[in-house]
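Keep in mind that what you see is a predicted model, and the values were worked out from it rather than measured. Quick note on labels: first sequence line is chain A, next is B, and so on, each numbered from 1.
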4 protein chains.
Amino acid sequence: MTANEDRGNARRTQIFKAAAAVFARQGYHRARMDDIVEESGLSKGALYWYFKSKEELATGLVHQMLTHESEALEAVVSRPEPAADRLRFMSATFARDLTESPEKASLTLELLALARTVPEIRECFSSHHEHFVDQISRLLAELRGTRPSSAETRTAALALSALIDGMVLRWALATQPFDLESALRETIDALVQDANTPGK
Amino acid sequence: MTANEDRGNARRTQIFKAAAAVFARQGYHRARMDDIVEESGLSKGALYWYFKSKEELATGLVHQMLTHESEALEAVVSRPEPAADRLRFMSATFARDLTESPEKASLTLELLALARTVPEIRECFSSHHEHFVDQISRLLAELRGTRPSSAETRTAALALSALIDGMVLRWALATQPFDLESALRETIDALVQDANTPGK
Amino acid sequence: MTANEDRGNARRTQIFKAAAAVFARQGYHRARMDDIVEESGLSKGALYWYFKSKEELATGLVHQMLTHESEALEAVVSRPEPAADRLRFMSATFARDLTESPEKASLTLELLALARTVPEIRECFSSHHEHFVDQISRLLAELRGTRPSSAETRTAALALSALIDGMVLRWALATQPFDLESALRETIDALVQDANTPGK
Amino acid sequence: MTANEDRGNARRTQIFKAAAAVFARQGYHRARMDDIVEESGLSKGALYWYFKSKEELATGLVHQMLTHESEALEAVVSRPEPAADRLRFMSATFARDLTESPEKASLTLELLALARTVPEIRECFSSHHEHFVDQISRLLAELRGTRPSSAETRTAALALSALIDGMVLRWALATQPFDLESALRETIDALVQDANTPGK
DNA sequence: AATGAATGAGCATTCATTCAT
DNA sequence: GATGAATGAATGCTCATTCAT
């Protein structure tokens, strides 16, 4: 029955949202299933009806989050504008999203730590990272006029994506807050300029 | 008595070592105090004689680790060689160290996640990050002939240090292992080349 | 649902009974939650489902015990017989109850000691003491033909209730056992006689 | 060596004082040996040099306290004044002492509860109670012109001593403080008056 | 599907006591 | 006699998971 499936999906989404909030706030290990139950407005039985365990819930959440993010990234990369603009747009979108809901960075850090211990989660992040590099490679290839699969381009793409992650990490932990968007923009601008410099 | 202090410090070091191993292996939350007790060869009472709680132990460990790391970095940055060489050397040392003992990256990720929840740990990382950027700024300033405090230099330094962190993160989580040292070297080389390019 | 409430109350009663037995036998501090769990036949989780902590369990137990005792006392005081008879009856009932289950005195002493440390328990005993004096005042007032609120009557009631408590205390600790009922009876008889003596 | 013995006794007294303070404040079970160490200004080793265990320390303390109290009582009872005055004086002294240092009542309640569990302490209190009744009997016998060993006199003495204990108990736990001295005085006065009444 | 009472293994921490110095 | 670091059994409480209803 589609009606049932719909309700099921709605429930799952509801639970993911609650779990995301609680994990971001308290961390995975300090989050009790009861906290998620309360946050979600459902009952404990319901929660266990949809997810067999806390770990499975976390795994599902990671799947969902990274899928969303990949899709968003792909949407940006596929736009018709010039590559440089798309790069800047991507970075800005990314930064704005996190600035508006900083708990996302927190949550991601938490789930990254969890990835060390839970192979399935690790797999998710690992392939997401690869996908991320692929997309950035496409952009950089256009920008530099190289093939996306060239070693140089992939190295640059890996560097850029690592840079973004590292910047977000520092931003999330910084005691003296700084503006993520401009920090990223300045860096990207410098790199894009290099890319256009003949001889590069 | 210095003898007592010495023994006390030896014990603390012994405990830090055990805690580092156990946290790296199992993560902070899955690590039981009994595991650390066993790993350290001491008794539970001794452990609690030196650290009031698991959290205080973790905090102490972070202090110690980051202090060591800062000192190591400073030693490298203060060498007499040309800035570019020091930069490469730093990156190589860093990469080799992690490649030889990959559990360090694991441990750091774990403790970074803990920083979100434990203010004192967060403070440690935050100031360590700043210190890191300071040192890189010194190197880049020499390299580019600018002042270490110039906005451009600091932005570049922030970017570079973020890049290193992000790269290590990806390396630690990658399902398909890659060579951290060469990945870092290639990136650094590219950047150093840029830096030497007139007009930069 | 009333069915659920009923079961809940039954559980609570079951736990109180077990806790009373264990506290009486071992004292509050030497009683382990596991002992109460075993005595109650429930599981540890169930116990903590109904009481958040050992202290809350003790507090609840005191509430229940003193409420019961107050009601019993009130029932006796409200009987239709002459005041002197009610006084004797009360004392005899009290003594017989304790003689039959001496652990009650033990338990009360234990909880009194706890009252020093736990404000809520102290409050319980304090107001129970006041209530006790009120009831005795009613009896003595009838007996002596004064108002229950007259200073003399209240002093006498306070004295009498203190006397009963003190006697029970000595009885509970005496190495050479004595008969609580007759000790109380003789004292009360002497006092009642005084009360009837003209000029009092 | 007497010098050593003296120091030993001084130490013991010092420890008793500290233990009394800590037990009164925190109760026997919540008092840690370390608390007593700190309060006494001695070291842990020293404390265990003089007392083999916490229980032995408590037992020794009870011995000391009750011995003091018995001696004080005996001193009062042996005075040359009329029996009624001595009775009043005893009660007043008793009340003033407690009012000035209310922690004594707390401490006694705590140790009474401990008596339930520790036979030696129980024995102490039990014989102290008997001694107390003996002394009161002497007073009442003089007052009433009976033999101290007559059943009536002993009953009255038991009642009076129970009354005092019970009153102190209530006073120690009362939420709404009352004046212990006058409460006792009024009661004693009433009883003394009775005692003088012919026919009693 | 949903509820929430019940389960019980797990764990951080405490603290009386010991003992090498 | 005195010190205080070290010991380790003991224990209150948590919380993921189950299951009768």
Side-chain angles (χ1 to χ4, degrees), chain A residues 1 4 7-8 11 28-38 41-58, chain B residues 1 3-5 7-8 10-11 29-38 40-57, chain C residues 1 3-5 7-8 10-11 28-38 40-57, chain D residues 1 4 7-8 11 28-38 42-58:
Chain A
M1 291 174 233
N4 277 345
R7 187 166 59 185
R11 288 273 193 265
Y28 175 79
H29 286 100
R30 293 200 223 263
R32 290 172 301 136
M33 288 303 257
D34 279 322
D35 294 329
I36 301 175
V37 164
E38 195 182 7
L42 296 175
S43 74
K44 194 178 265 194
L47 206 155
Y48 272 94
W49 179 264
Y50 290 104
F51 297 94
K52 270 202 266 296
S53 70
K54 190 181 178 183
E55 198 171 298
E56 194 182 296
L57 171 54
Chain B
M1 289 181 231
N4 277 345
E5 284 174 18
R7 190 169 54 193
R11 288 273 190 265
H29 286 99
R30 292 200 223 265
R32 291 173 299 135
M33 287 306 257
D34 277 325
D35 294 330
I36 301 175
V37 164
E38 197 180 7
S40 71
L42 295 175
S43 74
K44 196 177 264 194
L47 208 154
Y48 274 94
W49 178 264
Y50 289 103
F51 299 95
K52 272 201 263 296
S53 69
K54 192 180 178 183
E55 196 172 300
E56 194 182 298
L57 171 53
Chain C
M1 288 180 229
N4 276 346
E5 285 175 18
R7 191 169 54 191
R11 287 275 191 263
Y28 175 79
H29 287 100
R30 293 199 222 265
R32 292 172 302 134
M33 287 306 258
D34 278 326
D35 294 329
I36 301 175
V37 164
E38 195 180 7
S40 71
L42 296 175
S43 73
K44 195 179 267 195
L47 209 154
Y48 274 93
W49 177 264
Y50 289 103
F51 298 94
K52 270 200 264 297
S53 69
K54 191 181 178 183
E55 197 173 298
E56 193 180 299
L57 171 52
Chain D
M1 294 174 234
N4 278 344
R7 187 166 58 186
R11 289 272 194 264
Y28 175 78
H29 287 99
R30 292 200 224 264
R32 291 173 302 138
M33 287 304 258
D34 279 323
D35 294 328
I36 301 175
V37 164
E38 195 182 9
L42 296 176
S43 74
K44 197 179 262 194
L47 207 156
Y48 272 93
W49 178 265
Y50 290 103
F51 297 95
K52 270 201 265 297
S53 70
K54 190 181 180 183
E55 198 173 297
E56 194 182 298
L57 170 54

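More than 12 heavy atoms of other residues, nucleotides or ligands shown are found within 6.0 angstrom of CD on B:E56.
Each of E:dG8, E:dA2, F:dA6 was ranked by its minimum atom distance to the side chain of A:S43; first place goes to E:dA2.
Atom CD of A:E38 is separated from atom C1' of F:dC15 by 15 Å (rounded to the nearest Å).
Atom name C1', nucleotides E:dA1 and F:dT21: the rounded distance is 13 Å, in whole Å.
Residue A:R11 has no polar side-chain atom (N or O) positioned under 4.0 Å from OP1 or OP2 of E:dA1. Phosphate proximity of F:dA6 to B:Y50: present, with a side-chain N or O under 4.0 Å from OP1 or OP2.
A distance of 5.0 Å separates CE in A:M33 from CG in A:L47, rounded to the nearest 0.5 Å.
Between B:G41 and D:W49, it is D:W49 whose nearest contact on DNA chain F lies nearer the 5' terminus.
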Could you go through the side chain to side chain contact (heavy atoms under 4.5 Å, CB included) check for C:D35 and C:R32 one step at a time?
CA-CA 5 Å; C:D35 294 329; C:R32 292 172 302 134; 2.8 Å; yes

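Applying the side chain to side chain donor-acceptor pair (under 3.5 Å) test to pairs two or more places apart or on separate chains, those with a residue in residues 44-53 of chain D are D:D34-D:K44.
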For nucleotides 14-21 of chain E, give me one character per nucleotide, 5' to 3': B if any protein heavy atom sits under 4.0 Å from the base, S if the only such contacts are to the sugar-phosphate, - if neither.
BSSBB---

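Between C:K54 and C:H29, the shortest heavy-atom distance links the atoms NZ-O, 3.7 Å. For the pair D:V37 and D:L42, the tightest heavy-atom approach, listed with the atom from each and the gap, is CG1-O, 3.2 Å.
Where pairing requires Watson-Crick or G-U contacts shorter than 3.5 Å, the helical stems of DNA chain E with at least three consecutive pairs are E:2-21 with F:2-21.
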